[in-house]
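Quick notes on the structure that follows.
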Amino acid sequence: MKKSSTSVQELPGAAGHLPHPPPAWRPRTDPAPLLPDPEPYRVLGTDAAAGADPALLLRLYAELVRGRRYNTQATALTKQGRLAVYPSSTGQEACQIAAALVLREQDWLFPSYRDTLAAVARGLDPVQALTLLRGDWHTGYDPHEHRIAPLSTPLATQLPHAVGLAHAARLKGDDVVALALVGDGGTSEGDFHEALNFAAVWRVPVVFLVQNNGFAISVPLSKQSAAPSLAHKAVGYGMPGRLVDGNDVVAVHTVLGEALARAGRGEGPTLVEALTYRIDAHTNADDATRYRAGDEVEIWRAHDPVRLLEHELTARGVLDEDGIGKAAEAAEAMAARLRDRMNAEPVLDPMDLFAHVYAHQTAQLREQAAQLRAELEASADEGSEESSDEGSGEGRAEGSGETR
Amino acid sequence: MKKSSTSVQELPGAAGHLPHPPPAWRPRTDPAPLLPDPEPYRVLGTDAAAGADPALLLRLYAELVRGRRYNTQATALTKQGRLAVYPSSTGQEACQIAAALVLREQDWLFPSYRDTLAAVARGLDPVQALTLLRGDWHTGYDPHEHRIAPLSTPLATQLPHAVGLAHAARLKGDDVVALALVGDGGTSEGDFHEALNFAAVWRVPVVFLVQNNGFAISVPLSKQSAAPSLAHKAVGYGMPGRLVDGNDVVAVHTVLGEALARAGRGEGPTLVEALTYRIDAHTNADDATRYRAGDEVEIWRAHDPVRLLEHELTARGVLDEDGIGKAAEAAEAMAARLRDRMNAEPVLDPMDLFAHVYAHQTAQLREQAAQLRAELEASADEGSEESSDEGSGEGRAEGSGETR
Amino acid sequence: MTTVAVKPATMAEALRRAMRDAMAEDPSVHVLGEDVGTLGGVFRITDGLAAEFGDDRCTDTPLAEAGILGTAVGMAMYGLRPVVEMQFDAFAYPSFEQLISHVAKMRNRTRGAMPLPITVRVPYGGGIGGVEHHSDSSEAYYMATPGLHVVTPATVDDAYGLLRAAIASDDPVIFLEPKRLYWSKAQWSPDEPAEVDPIGRAVVRRRGSSATLITYGPSVPVCLEAAEAARAEGWDLEVVDLRSLVPFDDETVAASVRRTGRAVVVHESTGFGGPGGEIAARVTERCFHYLEAPVLRVAGFDIPYPPPMLERHHLPGVDRVLDAVARLQWETES
Amino acid sequence: MTTVAVKPATMAEALRRAMRDAMAEDPSVHVLGEDVGTLGGVFRITDGLAAEFGDDRCTDTPLAEAGILGTAVGMAMYGLRPVVEMQFDAFAYPSFEQLISHVAKMRNRTRGAMPLPITVRVPYGGGIGGVEHHSDSSEAYYMATPGLHVVTPATVDDAYGLLRAAIASDDPVIFLEPKRLYWSKAQWSPDEPAEVDPIGRAVVRRRGSSATLITYGPSVPVCLEAAEAARAEGWDLEVVDLRSLVPFDDETVAASVRRTGRAVVVHESTGFGGPGGEIAARVTERCFHYLEAPVLRVAGFDIPYPPPMLERHHLPGVDRVLDAVARLQWETES
Ligand SMILES: Cc1ncc(C[n+]2csc(CCOP(=O)(O)OP(=O)(O)O)c2C)c(N)n1
Ligand SMILES: Cc1ncc(C[n+]2csc(CCOP(=O)(O)OP(=O)(O)O)c2C)c(N)n1
Ligand SMILES: [Mg+2]
Ligand SMILES: [Mg+2]
């Protein structure tokens with residue numbers, strides 16, 4: 001609404017072109033505070049660890065253990081044909097758990113396809129979280145219930161959504177922050193750029209967490225970006241970039257917590273890059289040996305997020321064998337429940353195909369629904385409906401269903 | 001092809017999770033050399049001016065004067081209905097001229113719709129450069145002739161083209177650099193992001209010049225970006241960013257020259273932000289008083305690119321009244337020629353509509369061409385073809401044709 | 001409700017008024033896009049909205065169409081009703097991934113839990129002397145995307161009514177604005193605007209008995225003119241203005257064609273793969289035994305949109321419509 | 001040339017071989033896309049190309065589809081022949097601005113001075129149990145964009161021949177690969193591959209006299225199966241595999257329909273606004289007086305592509321094709 005007359009700097013005299021720098025558009029903010037530290041922030045194994053709240057650490061530990069078990073269980077379910085595909089977050093549990101636990105009730109999480117664990121740790125029923133990957137529906141839950149946006153498969157497209165939601169909440173005067181997750185590969189998409197720019201220009205209460213796990217399917221980071229770090233991208237939008245050890249759950253929790261608090265204070269968005277590693281293949285269908293050397297995995301295993309915290313807790317005497325055992329038991333129970341529930345055949349209604357295309361079914365969809373209903377009735381009469389194998393699964397083979 | 005085992009840093013011992021930072025993905029390059037200087041680079045009015053080659057300065061001066069006259073002439077042509085629309089580069093001539101003159105014969109220029117002057121200064125026939133804006137065809141020239149890509153209207157889309165062309169040239173072993181122009185508004189598009197990222201990852205010999213003229217139609221820079229400067233975006237791609245006084249033709253020429261040389265040496269791309277100002281409205285059809293205060297324009301007029309260089313040259317005694325007059329005369333002659341040629345009715349062949357859709361006309365297009373031919377013959381028989389006013393121009397009014 | 005004709009108003013004014021009234025009635029309606037605020041849009045359709053409702057309700061965005069639409073998705077997720085302006089048809093293309101993969105699908109993906117009441121206003125079509133990329137007719141892309149409603153007004157009244165209906169809709173609506181009709185005028189009272197028409201209803205603009213012209217948006221005035229001219233040839237043409245491409249009003253269209261026995265689909269979009277194929281096919285499916293001749297199509301040629309000086313050769317005009325009518329096999333008539 | 005059947009080969013192998021042979025013959029052919037290098041693509045279609053020709057000829061790109069296609073445009077401007085792989089149908093959408101505004105138009109914009117011989121390979125369609133956004137049929141978008149060629153193979157032979165033709169074409173070609181046929185097999189000799197077919201020719205896959213099934217890509221095997229099943233009902237169906245959606249082979253299609261007098265268009269893409277409307281309309285325009293019944297369409301429903309466990313209800317199968325054939329008004333026959 002206001003006409004622009006912003007940063008133009010008055011010149012001493014109209015005639016004096018010469019000794020003056022160009023009148024406007026000079027650097028408006030100091031880049032220094034936006035630059036990430038050269039070393040990723042760490043807590044575990046540093047002096048900062050001493051200051052951490054033991055209750056929080058124990059909670060994080062229990063969740064990490066459950067999270068790891070969730071990952072192995074979901075992977076097992078693919079082998080039993082109970083999931084169409086599973087993109088594991090094994091090795092990235094610190095990011096997943098910290099992201100889930102750092103959020104307040106009213107905040108929103110914007111996950112990608114790899115982030116079902118974060119959704120589950122935030123309180124979502126794992127069966128609902130896995131609906132997409134089981135294949136009975138797309139989004140298996142009401143996003144409003146736990147304030148978790150649908151798992152996003154088209155890369156980086158969820159980032160502008162997070163910006164828009166947090167922007168809307170602020171316009172309505174609500175104290176809500178959005179946390180959006182994206183992978184290292186996703187940072188190359190135009191949507192990443194546009195989302196961060198909108199967020200910074202409008203000072204939207206949103207935090208972007210890049211889980212840099214080193215790979216986008218087979219493509220290593222070195223073919224994805226030449227930036228000093230992905231966190232350095234923040235500078236180009238005028239927001240601070242933070243670099244954190246993504247396997248150090250306490251560090252991720254702390255950095256995200258600070259960023260969320262900053263956002264909540266109206267100071268705008270932050271870009272956080274968590275350095276982590278995708279221990280498993282891209283999904284169960286992928287063959288990672290085609291593109292990476294095994295020793296890399298071993299090196300990262302030595303920096304395992306669960307073990308890192310366990311070491312800290314046992315060294316401090318906060319956790320003992322008994323506690324470790326209890327955590328493992330709880331995780332095992334969760335896995336058993338999950339396995340049982342996923343083994344139950346989901347109840348499907350083919351008519352759902354037409355139920356939610358529009359608020360009001362169009363005449364055309366009513367016709368098509370009637371057609372399918374008639375077909376189903378006819379085949380039920382023949383008693384052949386359930387055994388029909390036409391279509392689905394046909395042509396599955398190497399490579400198919402590999403990505404998601 | 002090679003399996004990744006890149007930046008992973010060996011850990012001292014497999015068991016030792018603790019005191020170690022995360023094993024990989026740490027900052028790979030030092031961001032410091034990538035950061036632009038806080039002050040835009042200037043030559044005129046500084047000590048550096050003394051070192052500049054007088055012959056180059058005189059050449060730049062003559063081109064600036066011609067360029068300014070070209071802008072006023074083209075704007076006049078819109079009033080006479082000889083151009084459908086003209087997006088003037090008045091005030092930005094230093095960028096246009098420096099970009100054109102700094103390129104070598106074999107290099108490529110990727111202009112946007114506002115950059116016809118750069119194309120003309122590179123040697124393109126101004127009538128051909130203005131074809132798009134006159135409306136008789138889209139691109140009025142063979143891009144290969146002067147190695148000037150078609151003027152790009154969809155914002156920032158020309159940037160990946162520049163990257164691809166320069167990449168291809170390098171793959172073929174040719175010593176070719178591409179210079180791509182984009183506006184401050186265009187930097188917000190996803191294509192900007194993707195192009196710069198590809199360029200940096202592949203170390204493509206390309207230079208990106210952002211003419212930051214403060215506005216994207218009505219939207220001021222402050223609503224476009226919160227970055228310290230647009231040049232700071234370079235850091236996020238791992239390429240150097242340079243900030244330059246965009247009204248100081250010598251400074252722009254120098255900075256672009258260095259960036260092009262760097263690219264030519266195989267050291268990769270550079271992002272250059274030139275600080276300048278759009279003195280005229282967005283196009284002749286735009287009304288800039290709706291969104292900007294007049295004093296801003298006056299302040300920038302005092303930093304006029306033509307006058308800045310003129311002052312330098314006269315102060316150094318390289319240019320006198322006579323020289324100024326001669327430059328003005330040459331510019332006037334160019335303008336008169338342009339006016340005359342643009343006053344001639346362009347010769348149009350409606351059958352061209354079908355000539356270049358595909359290499360080989362499809363059966364369908366042959367049918368459609370025959371239909372149009374028959375219609376044209378029928379209306380020629382009625383003698384009404386030339387006076388037909390059906391369609392074109394209909395409904396023109398305020399706002400229409402405003403942007404391009 | 002009958003409208004009280006106070007003074008001639010343009011379609012542009014009716015559109016502006018529709019947004020204004022929607023914003024005044026419903027605080028969740030937000031307008032966003034490039035230059036929509038201070039400038040009031042390059043076609044001035046949002047003129048005055050920022051002044052009346054503030055920058056937060058009518059917002060100049062950064063220049064990034066995927067970002068604009070993606071941000072609107074997020075706003076809609078939180079309960080707002082965003083009205084997005086795409087500056088020109090071709091500049092909506094960067095937003096297609098957001099449109100196809102999210103806007104059109106979100107309600108379905110979430111079993112109705114997350115509807116997206118977004119209106120995307122797209123000025124479309126040619127005839128205004130625009131340079132390349134400023135005159136595309138992109139409706140085929142939207143029509144082929146289930147989950148979207150696609151509407152386009154041809155009159156000042158409908159501009160108001162349909163835009164109100166689009167903004168009120170709980171589903172995403174692509175609102176196609178025929179650029180060359182922006183300054184078309186009609187007697188129209190902004191103080192007593194026409195009732196909000198439900199989306200999905202075609203309207204017979206002219207009654208006739210010889211053949212039906214099926215059309216929409218910028219081609220409606222062309223068809224009405226053609227129908228007038230056809231009287232000289234002895235043809236009494238019916239003109240159906242579809243208004244809503246999705247959902248499609250099969251009932252109105254089929255009823256007309258059954259009555260007349262002949263039909264021509266007229267639009268400016270390219271013919272091959274354009275809307276006319278779908279329309280002709282579904283009319284034929286429903287009216288086969290009533291048809292005296294195949295449903296013909298008059299459309300833009302299958303070429304990229306021409307430069308300003310040649311566009312009149314591309315745009316379907318009265319003569320081409322009459323030519324097609326003449327080819328409706330009148331000789332076979334009893 | 002007759003092919004010597006050496007061993008059963010998959011469509012995936014034929015596609016790979018087509019690229020390999022093109023790259024070996026012409027150093028200007030470059031393959032680029034996500035994961036096409038080291039991994040050989042998620043469907044392994046580019047397997048071995050980087051090993052044989054090096055990273056510069058078969059290149060893993062950053063993850064950005066507009067960037068990939070835009071870069072390919074620049075490469076083509078400099079005389080290369082880029083072959084772009086889009087990883088899945090829906091992930092081509094981010095590149096639509098580059099595709100519509102540049103790839104399709106560049107030759108025209110420059111009066112032929114700057115042709116863009118780019119092949120865009122798009123795995124498309126469903127039936128492989130893919131989660132959302134992995135099974136779209138996007139051909140309607142491409143068909144509605146003048147300046148593109150759009151082809152899709154249904155057989156192993158055509159996979160090789162059409163891809164060679166696409167890469168050799170001086171125009172941009174959208175090469176749609178039916179995902180669920182990747183692993184379909186045929187006797188095929190990679191050492192003596194079939195001649196390169198010119199783009200734009202449909203082929204009659206099965207001769208018949210009762211009615212014509214017009215189809216392409218993943219629905220060709222469905223139609224052939226339906227034709228076999230139809231024999232039991234006393235129908236002798238002709239099956240036309242379009243192969244090329246643009247340019248469209250009106251001649252072959254119309255000749256068939258004139259002969260049989262009845263036609264059904266079958267495709268997996270959604271019906272409304274999908275390719276079937278265009279096909280049915282143009283067949284009707286050309287064959288009206290030969291038709292005993294309206295041209296019917298069997299297509300995917302007008303819904304977002306369903307989740308894996310429900311996709312079989314969406315995909316047009318043999319039964320739906322036969323149902324449509326049964327509705328071709330046989331009773332009216334003399
Ligand atoms: C727009 C888009 N393009 C391509 C894909 C296919 N795809 C799925 S996952 C993936 C790699 C993603 O890498 P990254 O962002 O690093 O996330 P990660 O898988 O490592 O968690 C690709 C290319 C997609 N889902 N969306
Ligand atoms: C993709 C796209 N979106 C929108 C437009 C409409 N448009 C034309 S010029 C312009 C402003 C461009 O601003 P900037 O990049 O700063 O360049 P300048 O006009 O200042 O040279 C806009 C929004 C366009 N041409 N392309
Ligand atoms: Mg990754
Ligand atoms: Mg600008």
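No hydrogens, no waters, no symmetry mates; every other heavy atom, side chains included, goes into these values.
In this structure, F192(A) and T187(A) approach most closely via the heavy-atom pair CD2-O, 3.4 Å. Contact detail for D241(C) and D158(C): the closest heavy-atom pair is OD2-OD2, 4.2 Å. Nearest heavy-atom pair across A168(A) and Y78(C) is CB-CB, 3.7 Å.
If you measure heavy-atom distances from L353(A) to chain C, the contacts under 4.5 Å come from the backbone alone. Residue D142(A) touches chain C through both its backbone and its side chain, counting heavy-atom pairs closer than 4.5 Å. Neither the backbone nor the side chain of E251(C) comes within less than 4.5 Å of any heavy atom of chain A. For S101(C), the part lying near chain A is the side chain, with the backbone staying farther off; criterion is any non-hydrogen pair under 4.5 Å. Neither the backbone nor the side chain of P115(C) comes within contact range of chain A; no heavy atoms are under 4.5 Å apart. Of the atoms belonging to L69(C), not a single heavy atom falls under 4.5 Å from chain A. Both the backbone and the side chain of A169(A) come within contact range of chain C, each with at least one heavy atom under 4.5 Å from a heavy atom of that chain. For chain A, no part of A72(C) is nearby; none of its heavy atoms comes within less than 4.5 Å. Only the side chain of V176(A) has a heavy atom closer than 4.5 Å to any heavy atom of chain C. Contacts of E189(A) with chain C are absent, with no heavy-atom separation under 4.5 Å from either backbone or side chain. Heavy atoms of R282(C) lying under 4.5 Å from chain A belong exclusively to its side chain. Only the side chain of D171(C) comes within contact range of chain A, with heavy atoms under 4.5 Å apart. Residue contact with chain A, scored on non-hydrogen atoms closer than 4.5 Å, involves the backbone and the side chain of H149(C) alike. For chain C, the nearby part of T362(A) is the side chain; its heavy atoms alone come within less than 4.5 Å. Within the 4.5 angstrom heavy-atom criterion, atoms from both the backbone and the side chain of A359(A) approach chain C.
Top candidate by heavy-atom pairs under 4.5 Å with chain C, chosen from H193(A), H144(A), H356(A), is H356(A). Chain C forms more heavy-atom pairs under 4.5 Å with one residue of P150(A), A178(A), A195(A) than with any other, namely P150(A). When each of H161(A), E194(A), H138(A) is scored by its heavy-atom pairs under 4.5 Å with chain C, the top score falls to H161(A). Counting heavy-atom pairs closer than 4.5 Å to chain A, the top-ranked of the candidates L32(C), L63(C), D250(C) is D250(C). Taking chain A as the reference chain and counting heavy-atom pairs below 4.5 Å, the highest number among A113(C), P247(C), G147(C) is found for G147(C). Chosen from N197(A), V201(A), L171(A), the residue pairing most often with chain C at heavy-atom distances under 4.5 Å is L171(A). Contact tally against chain C (heavy-atom pairs below 4.5 Å) for Q364(A), E145(A), H167(A), H360(A): the top residue is Q364(A).
With sequence neighbours left out, S169(C) forms a side-chain hydrogen bond (donor to acceptor under 3.5 Å, both in side chains) with no residue at all.
Side-chain rings of F96(C) and Y142(C) approach one another, their centers coming within less than 6.0 Å.
No hydrogens or angles considered: nothing links the side chains of H102(C) and Q158(A) as a donor-acceptor pair under 3.5 Å. Counting only N and O atoms by type, the side chains of Q371(A) and E367(A) include no donor and acceptor under 3.5 Å apart.
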L132(A) vs T153(A), side-chain contact (heavy atoms from CB on, under 4.5 Å): CA-CA, chis, key distance, verdict: CA-CA 10 Å; L132(A) 172 77; T153(A) 293; 4.2 Å; yes
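At a threshold of 4.0 Å, the pair D170(C)-R81(C) counts as salt-bridged, since one of the basic side-chain nitrogens sits closer than that to a carboxylate oxygen. Looking at K172(A) and D174(A), no side-chain N of the basic residue comes within less than 4.0 Å of a carboxylate O on the acidic one, giving no salt bridge.
A donor-acceptor pair under 3.5 Å is formed between the side chain of D60(C) and the backbone N or O of V36(C). Of the possible polar contacts, none joining the S256(C) side chain to the T252(C) backbone as a donor-acceptor pair under 3.5 Å is found. Side-chain atoms of W137(A) come within 3.5 Å of backbone atoms of N108(C) as a donor-acceptor pair (strictly under, hydrogens ignored).
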